[in-house]
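Report on the structure given below.
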Amino acid sequence: MAEGFVTRFAPSPTGFMHIGNLRTALYAYLLARANNGKFILRIEDTDQERLVEGAVDVIYDTLRVSGMKHDEGPDIGGPNGPYIQSQRKDIYMKYAKELVEKGYAYYCFCTKERLDSLHETGDIGAGYDRHCRNLSKEEVEKNLAEGIPFVIRQKMPLEGSTGYDDVVYGHIEIENSEMQDQILMKADGFPTYNFCHVIDDHLMGVTHVVRGCEYLTSTPKYVLLYDAFGWERPVYCHLPLIMGKNEDGTTSKLSKRHGSVSFQELVKNGYLPEAIINYMAFTGWCPKDTNEEFFTISELEKIFSLEGISKSPSVFDYDKLLWFNSNYIKKLDPDKFIEMAKPYYRDELKQYADNKKLAAMVQSRVSVFPEVNEKAEFLLGLPDYDTELFVNKKNKTTVELCRDILEYTIPVLEGVSDWTNDTLFADLKALAEEKGVKAGALMWAVRIGVSGLAVTPGGATELMDILGKEESLKRLKTSLERIK
Ligand code: GLU
């Protein structure tokens with residue numbers, strides 16, 4: 001096993017953690033852990049116009065809640081800090097100047113007006129015509145001395161091609177003539193992402209760059225920078241897109257119209273971070289030699305490998321996530337379930353949030369926490385229901401049969417002193433036998449009689465156990481009156 005991989009998660013603070021970014025973080029994290037490595041958090045905020053207040057906290061929260069512990073980062077420090085790019089501003093100019101010295105970059109003094117007019121003529125698309133590429137040393141020095149604003153551009157080779165081997169996509173090769181002389185340092189003194197992430201990755205000792213595939217074809221520009229400095233290139237691992245399923249069956253890049261796309265929103269909607277992480281791990285990766293699907297993050301840390309990453313875009317399957325979530329909810333300790341479900345109860349149902357019997361009944365039956373509401377609905381009282389609910393094919397019940405059942409069952413229930421699910425169940429089963437009716441038929445009559453609902457979160461005796469003797473009998477009598 002290779003040792004000491006250094007990976008990083010380098011989000012831009014947008015105030016929102018898209019699940020695609022979460023997956024990038026997860027794979028980078030797992031790759032480091034699986035290879036006795038280090039996982040670094042770096043905040044990429046050089047685009048000062050797009051800063052969002054509180055956005056960095058969203059990043060910290062996501063990593064903490066999902067169980068990804070970084071080894072270095074702005075909040076915990078480390079030997080390669082600072083870890084926020086805007087605080088590293090002074091580092092980059094020196095490297096840009098080094099490239100100018102070596103002939104791999106140049107000062108560009110073109111004004112905005114000139115650049116705009118270039119684009120208007122349309123000859124070079126959105127590109128730059130390399131006007132300043134061959135300014136003489138004297139001209140450059142004169143301009144600098146006069147304080148003319150400048151940017152520093154990368155001097156792309158004009159011939160040949162540049163390639164690299166991506167772990168997921170294989171060999172990527174781009175004609176040098178197709179690459180723009182991109183800006184490395186902006187006029188405001190800030191570096192561009194294209195430049196500073198390379199410097200940072202090198203200075204922070206990053207060995208494996210894991211990120212979204214939108215950078216796949218710009219990476220040749222970055223490897224040219226490594227080569228120009230004489231630095232060792234990192235291993236690149238670009239991840240395919242996560243797609244969403246459209247109503248017409250086609251797929252497109254996962255976005256809001258497919259459902260919740262941020263980690264925070266999913267958590268708010270009642271998904272457990274453990275379930276999200278487990279599902280995300282499988283969105284684009286699968287383990288070797290096993291069909292097992294349930295893994296905690298610490299188990300994933302042991303088995304994650306680059307070989308299992310798929311090159312084809314994966315479709316985000318909300319049903320599958322729901323299935324994972326229901327399984328994780330089932331496994332929660334009952335008290336933990338109560339505590340976690342509590343905030344999701346509607347106001348009128350809040351009073352039942354601590355009811356252990358209710359919780360025990362619904363825990364195995366909800367897929368996401370907000371569903372506790374529909375499950376607890378029966379507690380609010382007998383609705384004004386249609387008596388046709390008493391008719392059930394499978395149990396061969398009719399309204400008349402249910403009426404008879406309720407007639408003789410109510411007095412029996414009145415005599416029950418140990419009002420628990422087990423006793424009620426045993427007593428009603430014995431009663432059905434004695435009366436010569438199917439237990440299913442008797443239970444049906446009681447369940448409808450006590451709830452007035454076609455679908456209930458539990459059987460007749462479970463519901464009665466939770467409602468208590470007085471309320472159950474009151475409801476059964478009301479129901480009997482309705483069908484008499
Ligand atoms: N700040 C970039 C982003 O959020 C990071 C890309 C990278 O990992 O290099 O897309």
Side-chain angles (χ1 to χ4, degrees), residues 5-32 37-52 55-63 68 70 72-74 80 82-89 91-92 95 154 164 166-169 172 182-184 186 190-226 231 233-242 253-255 261-264 280 284 306 309:
F5 285 15
V6 179
T7 67
R8 61 10 174 224
F9 178 44
S12 302
T14 57
F16 159 94
M17 181 70 70
H18 189 281
I19 40 197
N21 280 348
L22 180 74
R23 184 190 61 175
T24 300
L26 181 64
Y27 287 13
Y29 169 77
L30 294 175
L31 189 62
K38 265 193 324 186
F39 174 60
I40 299 175
L41 172 64
R42 180 173 77 225
I43 304 295
E44 302 207 323
D45 62 346
T46 54
D47 194 350
Q48 293 284 305
E49 280 162 27
R50 291 175 51 191
L51 292 189
V52 179
V56 180
D57 292 327
V58 171
I59 296 166
Y60 295 146
D61 282 350
T62 305
L63 294 183
M68 295 183 233
H70 47 287
E72 296 175 27
N80 301 299
Y83 295 91
I84 299 186
Q85 279 178 336
S86 58
Q87 295 171 10
R88 300 171 65 79
K89 198 177 161 205
I91 297 176
Y92 308 112
Y95 288 99
Q154 186 173 356
Y164 70 102
D166 187 82
V167 169
V168 177
Y169 286 89
I172 303 291
Q182 62 176 355
I183 296 179
L184 304 178
K186 296 184 277 187
F190 274 95
T192 56
Y193 160 78
N194 292 326
F195 186 51
C196 61
H197 88 275
V198 169
I199 306 298
D200 289 344
D201 282 343
H202 171 73
L203 294 179
M204 293 179 182
V206 171
T207 61
H208 290 68
V209 170
V210 180
R211 66 182 165 208
C213 63
E214 62 269 34
Y215 298 101
L216 186 69
T217 53
S218 37
T219 295
K221 299 182 203 167
Y222 312 144
V223 303
L224 281 174
L225 291 172
Y226 279 92
W231 296 339
R233 299 176 183 184
V235 174
Y236 287 101
C237 171
H238 288 97
L239 303 177
L241 282 179
I242 300 180
K253 192 175 170 188
L254 186 70
S255 69
V261 290
S262 86
F263 177 73
Q264 278 64 31
M280 289 315 301
L306 287 174
I309 299 177

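As the structure lists them, so they are numbered: ligands from 1, and atoms in each ligand from 1.
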(request) Measure up the Trp231 and Tyr226 rings against each other and bin them: parallel (under 30°), tilted (30 to 60°), perpendicular (over 60°). (result) perpendicular
(request) Please determine which of Asn21, Thr219, Thr24 meets the side-chain hydrogen bond (donor to acceptor under 3.5 Å, both in side chains) test together with Arg211. (result)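 Running side-chain hydrogen bond (donor to acceptor under 3.5 Å, both in side chains) over Asn21, Thr219, Thr24 with Arg211 returns exactly one hit, Thr219.
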(request) Please check if the side chain of Asp201 supplies one atom and the backbone of Val206 the other of a donor-acceptor pair under 3.5 Å. (result)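 Pair absent, no side-chain N/O of Asp201 close to backbone of Val206.
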(request) Look only at the side chain of Arg42 and the backbone of Ala10, and say whether a donor-acceptor pair between them is shorter than 3.5 Å. (result)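 Checking the backbone N and O of Ala10 against the side chain of Arg42, no donor-acceptor pair under 3.5 Å is found.
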(request) Would you mind running through ligand 1 and noting each atom that sits below 4.0 Å from a heavy atom of Glu44? (result)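 What qualifies from ligand 1 is 1 (N), 2 (C), 5 (C).
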(message) So if I count the atoms of ligand 1 from 1 in the order they appear, which ones are less than 4.0 Å from some heavy atom of Tyr215?
(response) 2 (C), 3 (C), 6 (C), 10 (O)
(request) Dump the intermediate steps for side chain to side chain donor-acceptor pair (under 3.5 Å) on Tyr92 and Asp200, then the final yes or no. (result) CA-CA 9 Å; Tyr92 308 112; Asp200 289 344; 2.8 Å; yes
(request) Return the residue, atom name and 0.1 Å-rounded distance of the protein heavy atom closest to atom 8 (O) of ligand 1. (result)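 Closest protein heavy atom to atom 8 (O) of ligand 1: Arg8 NH1, 2.5 Å.
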(message) Students should be able to answer this: which protein heavy-atom is nearest to atom 5 (C) of ligand 1, and at what distance?
(response) Ala10 O, 3.1 Å
(request) Could you tell me whether Arg211 and ligand 1 have an N or O pair separated by under 3.5 Å? (result)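 Yes, there is a polar N/O contact under 3.5 Å.
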(request) Look at ligand 1 and say whether Tyr193 reaches it with a heavy atom at a distance under 4.0 Å. (result)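 It does, in that a heavy atom of Tyr193 comes within the 4.0 Å cut-off of ligand 1.
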